[in-house]
Amino acid sequence: MAAAAGAAAAPAPVNLRLGDLVWGKLGRYPPWPGKIVNPPKDLKKPRGKKCFFVKFFGTEDHAWIKVEQLKPYHAHKEDMIKINKGKRFQQAVDAVEEFLKKAKGKDQASHNSTEEKNRQNSSEERGKSAGEEKRKAGLSEGKPKKRVSSVSSERGSKSPLKRTYEQSPRKRGRPPKDEKDLTIPESSTVKRMMTGTVAGFKWPPSPVKEGDPHFHHFLLSQTEKPAVCYQAISKKLKVCEEETGSTSIQAADSTAINGSITPTDKKLDKEFDPLAEAFPDPQPGVATNRIGFLGLGLMGSGIVSNLLKMGHTVTVWNRTAEKCDLFIQEGARLGRTPAEVVSTCDITFACVSDPKAAKDLVLGPSGVLQGIRPGKCYVDMSTVDADTVTELAQVIVSRGGRFLEAPVSGNQQLSNDGMLVILAAGDRGLYEDCSSCFQAMGKTSFFLGEVGNAAKMMLIVNMVQGSFMATIAEGLTLAQVTGQSQQTLLDILNQGQLASIFLDQKCQNILQGNFKPDFYLKYIQKDLRLAIALGDSVNHPTPMAAAANEVYKRAKALDQSDNDMSAVYRAYIH
């Protein structure tokens, strides 16, 4: 009996079909309203569990969604609205309701026209019956058979009666053409959903063409987890699918000290900006760029806060979505994927950890490349090698986008204070368009020419910084083992030519045993490694960097990767 009761309590399976409105679960994101539509002809359904192809309202996303991740729209509408309060979510729900209202209007028009047709047909039938009775009555009274011949002539193709009937607005037993169109078949509805407008939201034309290897990844991004293998762009970019995770990144407060900055008013041509109506400027009549920012780590978090405080409109995205919450409270908008951020913004900045993360962000599922259209601007602020940034520049430009590399020199505190040093290279016009953003996030910026130059310069700067930090740690430990006061050593250094904020802060970290990250040790070691490789590429010796790199590797082996770079000190005392 217990088993039977349990079986009875199990929810009945939901039957879904093409054209149904549903709530679709997209990975870690809340359920989103959408409609089951026909997939593109050249798009194969994923193997395994049953799934449907869904077009989501209020976004440009399509995705294959497994049946167990779908719920009927009307049955769960109230529950979903209770648990989701975001502005964009409400816009999506409004779009669904508008769509339903229009569909209901068409159905009503179709119903009315059908009733009218039935009334007219009834009148015709009554008239026909009356005419037939009169004809029979006439025959029975011995009237000439000419009347019968006239009726027979209706079958003749050349008779005046036939021509008159063909010119009438409808044929017997068949709805008129205009009325027939009011009853929209499912395939027509789906087609309109795929290409039309919903509540004023214009679905953008697909930024990718048939045969594009990225198109499949974009559509399957929320259900399948393809890995991406990269080849040199000169040999044609090739994306290979396997099972892996989606790409991304990492949140904090900041205080900008640059005073009043007017956000740049450089706008994209509306021809290339079909989402402008869905994401209007916050101040009508005041032209400001819509800024996107991908990656909310130690550096990115301070940058975004300063952009917001200086009046920029910013849409943020991060691999760990909850890290966006603080910035949403400060006035930022939330982007669900890198592709969506790029599609809805004029200039998109990115700041991620290393070359692999930078490539994944651009080339991976729902990546930056999927949102690039002619005129869209992408600024990579990550510290990577020149080969990586050159490859990214080529794929962005190949789609008609504009590219600028702009790695930053500094740490979390300088990022929070808006005092970073920006090294830029690539599109000079884009560098100038970013001027108000750079003023918000940094104290100065340098334009270094062609793509790759900023990456090289940034690695050299961090090589010097990392080597210096290792030397400071070495000096403090040597003072300790020889019986000298470490504090006295710091006081002496602070009075000499080496005095600097960097020296004082890092020595204080060591003396206090406080290694809370301001610049992750693992990242400075990564930069040393890349700088050594840069030296190798031009056959230039880097013995100091190589020695420092070994010390940092030792510190990483002692589980210091996620501590501040000053934790390299611990490599000397173990």
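Since this is a predicted model, take the numbers as computed values, not measurements.
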Looking at every non-hydrogen atom in both residues, tell me the closest pair between Ser382 and Pro407 and how far apart they are.
O-CB, 3.7 Å
Cut-off 3.5 Å, side chains only: do Asp385 and Thr388 have a donor facing an acceptor?
yes
Kindly indicate whether the side chain of Leu296, heavy atoms from C-beta on, has any atom under 4.5 Å from the side chain of Phe327.
yes
Starting at CD of Gln329, measure out to CG of Asp325 and round the result to the nearest 0.5 Å.
6.5 Å
Say whether, by atom type as modelled, one donor and one acceptor occur between the side chain of Asn318 and the main chain of Leu294 under 3.5 angstrom.
no
Is any side-chain heavy atom of Phe52 less than 4.5 Å from a side-chain heavy atom of Trp64?
no
Decide yes or no on side chain to side chain contact (heavy atoms under 4.5 Å, CB included) for Leu404 and Tyr378, but give the supporting numbers first.
CA-CA 6 Å; Leu404 185 74; Tyr378 186 62; over 6 Å; no
Does any part of the side chain of Ile291, heavy atoms only, come nearer than 4.5 Å to the side chain of Asp346, both counted from C-beta?
no
Evaluate the criterion side chain to side chain contact (heavy atoms under 4.5 Å, CB included) for residue pair His312 and Phe293; output intermediate values, then yes/no.
CA-CA 11 Å; His312 293 81; Phe293 204 95; over 6 Å; no
Nearest heavy atoms of Pro517 and Gln412, plus distance in Å
O-OE1, 3.5 Å
Considering non-hydrogen atoms only, spot the tightest contact between Arg402 and Gly429 and give its length.
NH2-C, 3.3 Å
Which pair of non-hydrogen atoms, one from Lys376 and one from Cys345, has the smallest distance, and what is that distance?
NZ-O, 2.7 Å
Could you tell me whether Lys71 and Asp79 make a salt bridge, using a distance below 4.0 angstrom between a side-chain N and a carboxylate O?
no
Salt bridge Lys102-Glu97, side-chain N to carboxylate O under 4.0 Å:
no
Minimum heavy-atom separation for Trp23 to Pro72, with atom names?
CD1-O, 3.4 Å
For Asp562, is there an ion pair with Lys522 - N to carboxylate O distance below 4.0 angstrom?
yes
Which residues share a side chain to side chain donor-acceptor pair (under 3.5 Å) with Lys101, sequence neighbours left out:
none
Euclidean distance, Ser301 OG relative to Leu326 CG, rounded to 0.5 Å
8.5 Å
Under the criterion side chain to side chain contact (heavy atoms under 4.5 Å, CB included), I'd like the reasoning laid out for Leu307 against Met441: C-alpha separation, chi angles, the key distance, then a yes or no.
CA-CA 7 Å; Leu307 287 172; Met441 64 181 75; 4.2 Å; yes
If I compare all heavy atoms of Gln370 with all of Ala339, which pair ends up nearest, and what's the gap?
CB-CB, 3.8 Å
Answer yes or no for Arg336 and Trp32: cation-pi contact, defined as NZ/CZ to six-membered ring centre under 6.0 Å and angle to ring axis within 45°.
yes
Do Gln525 and Lys556 get their side chains close enough for a donor-acceptor pair, meaning under 3.5 Å?
yes
Main-chain N/O of Leu16 paired with Asp20 side-chain donor or acceptor, under 3.5 Å
no
Rounded distance [0.5 Å steps], CD1 in Ile303 versus CG in Leu298:
11.0 Å
So, does Arg373 use its side chain to make a donor-acceptor pair with the main chain of Gly400 at under 3.5 Å?
no
Side chains of Pro355 and Leu530: does their closest heavy-atom pair fall under 4.5 Å?
yes
Are any of the side-chain heavy atoms of Cys437 and Phe349 separated by less than 4.5 Å?
yes
Apply side chain to side chain contact (heavy atoms under 4.5 Å, CB included) to Ser305 and Glu330, showing your working.
CA-CA 8 Å; Ser305 282; Glu330 291 182 9; 3.2 Å; yes
So CG of Asp433 and CZ of Phe438: to nearest 0.5 Å the spacing works out to 10.0 Å
Can any side-chain N or O of Glu405 pair as donor or acceptor with the backbone N or O of Val451 at less than 3.5 Å?
no
Only one of Ile372, Val389, Leu430 passes side-chain contact (heavy atoms from CB on, under 4.5 Å) with Phe403; say which it is.
Val389
Please examine the side chains of Ser353 and Tyr520, heavy atoms only from C-beta on, and report whether any two atoms are closer than 4.5 Å.
no
With sequence neighbours excluded, tell me which residues meet side chain to side chain donor-acceptor pair (under 3.5 Å) with Glu450.
none
Does any N or O in the side chain of Thr337 come within less than 3.5 Å of the main-chain N or O of Glu340, such that one atom is a donor and the other an acceptor?
yes
Consider side-chain contact (heavy atoms from CB on, under 4.5 Å). Of Val341, Thr313, Thr344, which one does Arg333 pass it with?
Thr313
Value rounded to 0.5 Å, distance of NZ in Lys35 from CG in Leu21:
6.0 Å
Going from CZ on Phe57 to CG on Asp94, what distance comes out if it is rounded to the nearest 0.5 angstrom?
12.0 Å
Minimum side-chain heavy-atom gap Thr348-Val368 below 4.5 Å:
no
Tyr431 side chain reached by Val379 side chain, heavy atoms, under 4.5 Å
no
So, Asp354 and Lys526, do they make that salt bridge, N to O below 4.0 Å?
no
